[in-house]
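Every value quoted in this text rests on a predicted model; they were computed, and no experiment measured them. Letters A, B, ... mirror the listed sequences (proteins, then strands); counts begin at 1.
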Amino acid sequence: MPELPEVESARVGLDRVARNKQIQAIEVYWPNLISTNLSIDEWQKTLIDQTIHQVSRRGKYLVFELDTHLLVSHLRMEGKYFYFLKEDIPQEKAKHTHVIFKFTDGSQLHYHDVRKFGRFELTSYKDQAAFFNSKKLGPEPTEEAFDLTEFSKALQKKSRAIKTVLLSQEQVVGLGNIYVDEVLFDSGIYPERPANSLTEKEIALLRTNIIQTIERATGLGGSTIRTYKNTLGEAGRYQDYLQVYGKQGTPCPNCGTTIEKIKVHGRGTHYCPVCQPREGNR
DNA sequence: TTTAATGTTCATGA
DNA sequence: TTCATGAACATTAA
């Protein structure tokens, strides 16, 4: 379910239900989800008895802030969390629930992931900065953090497709395959344009659209494209506002031209051939 | 049967 | 170094 608006929506729900809960036990049904140098046994021992003080987020990474460690969770394509009060815990876990956190108050947090692409990592407060540095994450897509000059300088050095650069999370975090197509459409930029071919004007517009789109989608709880639900079981509502993602064969909302679908960087890519010309709008 | 699906990371070769 | 491509992870549904 994972682009920044969906992850942020999950974070809000998790922070509400899991804050101040103490971990009593953890059940792991698919060990490959746990990315650690420790054995699964040691990993569990490290986490048990710790309290979740806060659930925060860096890019698309969820961060459970514990007593001594930070449990970092990436949902990748299909990861989801479901929270159950003691009296609501299902008799049998769902087929795709692979990790269960049992809290001392009897409630449980279930990690559910159909494709098992999600990952749990562990770091300490001391190693936190180095941990996220190793991921090479760019700034958050906010007015304050996302600096236009830096963004512009970085794009000038990249000859790869602008869509690829935006998906890399290195210049700015949070965009995935849906929002990147939306933002490029809003900005009138063809997804395969080399990043270093964008004009200053286009870069400034792109930055503004990234910030605005992520903000609007986050405010609406993200997009429910397939089966996404947040931790509280709520669907997102931004899918009603999508302009090009999944709209191939339908008219462009701006000019009526048929939206096309191509592959860029191995991902389905939707665009309007008139509003987003290959050679740019000049 | 084949393909594609809201993501990241690794290997290979140019 | 940089970049492109493909594979891997794994399951479901059209």
Practice problem: Classify the nucleic acid contact of Lys136(A) as base, sugar-phosphate or nothing, counting any heavy atom under 4.0 Å across all strands shown. | Solution: nothing

Quiz item: For Ser159(A), which contact category applies under a 4.0 Å heavy-atom criterion: base, sugar-phosphate, or nothing?
Solution: sugar-phosphate

Quiz item: How far, in whole Å, is dC9(C) from dT1(B) if one measures between their C1' atoms?
Solution: 22 Å

Quiz prompt | Interatomic distance at P, dT12(C) relative to dT8(B), whole Å | solution = 23 Å

Nearest to the side chain of [X] - [options]?
{"X": "Pro2(A)", "options": "dG7(B), dA4(B), dT9(B)", "value": "dG7(B)"}
{"X": "Met77(A)", "options": "dA4(B), dG7(B), dT8(B)", "value": "dG7(B)"}
{"X": "Lys261(A)", "options": "dT11(C), dA5(B), dT8(B)", "value": "dA5(B)"}
{"X": "Gln169(A)", "options": "dT8(B), dT11(C), dT12(C)", "value": "dT8(B)"}

Practice problem: Would you please classify the geometry between the Tyr81(A) ring and the Phe101(A) ring as parallel, tilted or perpendicular, with 30° and 60° separating the classes? | Solution: tilted

Practice problem: Measure the acute angle between the ring planes of His98(A) and His96(A), then classify it against the limits of 30° and 60° as parallel, tilted or perpendicular. | Solution: perpendicular

Roughly how many Å is it from [atom1] in [X] to [atom2] in [N], rounded to a whole number?
{"X": "Arg160(A)", "N": "dA4(C)", "atom1": "CZ", "atom2": "P", "answer": "5 Å"}
{"X": "Phe131(A)", "N": "dT9(B)", "atom1": "CZ", "atom2": "C1'", "answer": "13 Å"}
{"X": "Asn32(A)", "N": "dT8(B)", "atom1": "CG", "atom2": "P", "answer": "19 Å"}
{"X": "Asp113(A)", "N": "dA10(C)", "atom1": "CG", "atom2": "P", "answer": "11 Å"}
{"X": "Leu75(A)", "N": "dA10(C)", "atom1": "CG", "atom2": "C1'", "answer": "16 Å"}
{"X": "Glu78(A)", "N": "dA13(C)", "atom1": "CD", "atom2": "P", "answer": "10 Å"}
{"X": "Leu137(A)", "N": "dG7(B)", "atom1": "CG", "atom2": "C1'", "answer": "13 Å"}
{"X": "Arg119(A)", "N": "dC9(C)", "atom1": "CZ", "atom2": "P", "answer": "10 Å"}

Quiz item: Which atom pair, heavy atoms only, marks the closest approach of Ser124(A) to Leu70(A)?
Solution: O-CD1, 3.5 Å

May I ask you to verify if any side-chain N or O of [X] is less than 4.0 angstrom from the OP1 or OP2 atom of [N]?
{"X": "Arg267(A)", "N": "dG7(B)", "result": "yes"}
{"X": "Lys263(A)", "N": "dT3(B)", "result": "no"}
{"X": "Lys157(A)", "N": "dT1(C)", "result": "no"}
{"X": "His265(A)", "N": "dT5(C)", "result": "no"}
{"X": "Lys116(A)", "N": "dG7(B)", "result": "no"}
{"X": "His96(A)", "N": "dT12(C)", "result": "yes"}
{"X": "Lys60(A)", "N": "dG7(B)", "result": "yes"}
{"X": "Trp30(A)", "N": "dA10(C)", "result": "yes"}

Quiz prompt | Base paired to dA7(C) (Watson-Crick or G-U; both N/O distances under 3.5 angstrom) | solution = dT9(B)

Quiz item: Does Glu200(A) reach the side chain of Gln156(A), with side-chain heavy atoms less than 4.5 Å apart?
Solution: yes

Quiz item: Given side chains that start at C-beta, do those of Tyr238(A) and Glu3(A) come closer than 4.5 Å, heavy atoms only?
Solution: no

Quiz item: Taking the six-membered ring for Trp, are Tyr61(A) and His74(A) ring centroids under 6.0 Å apart?
Solution: yes

Self-check item: Phe117(A) ring over dC9(C) six-membered base ring, under 5.5 Å and 30°
Solution: yes

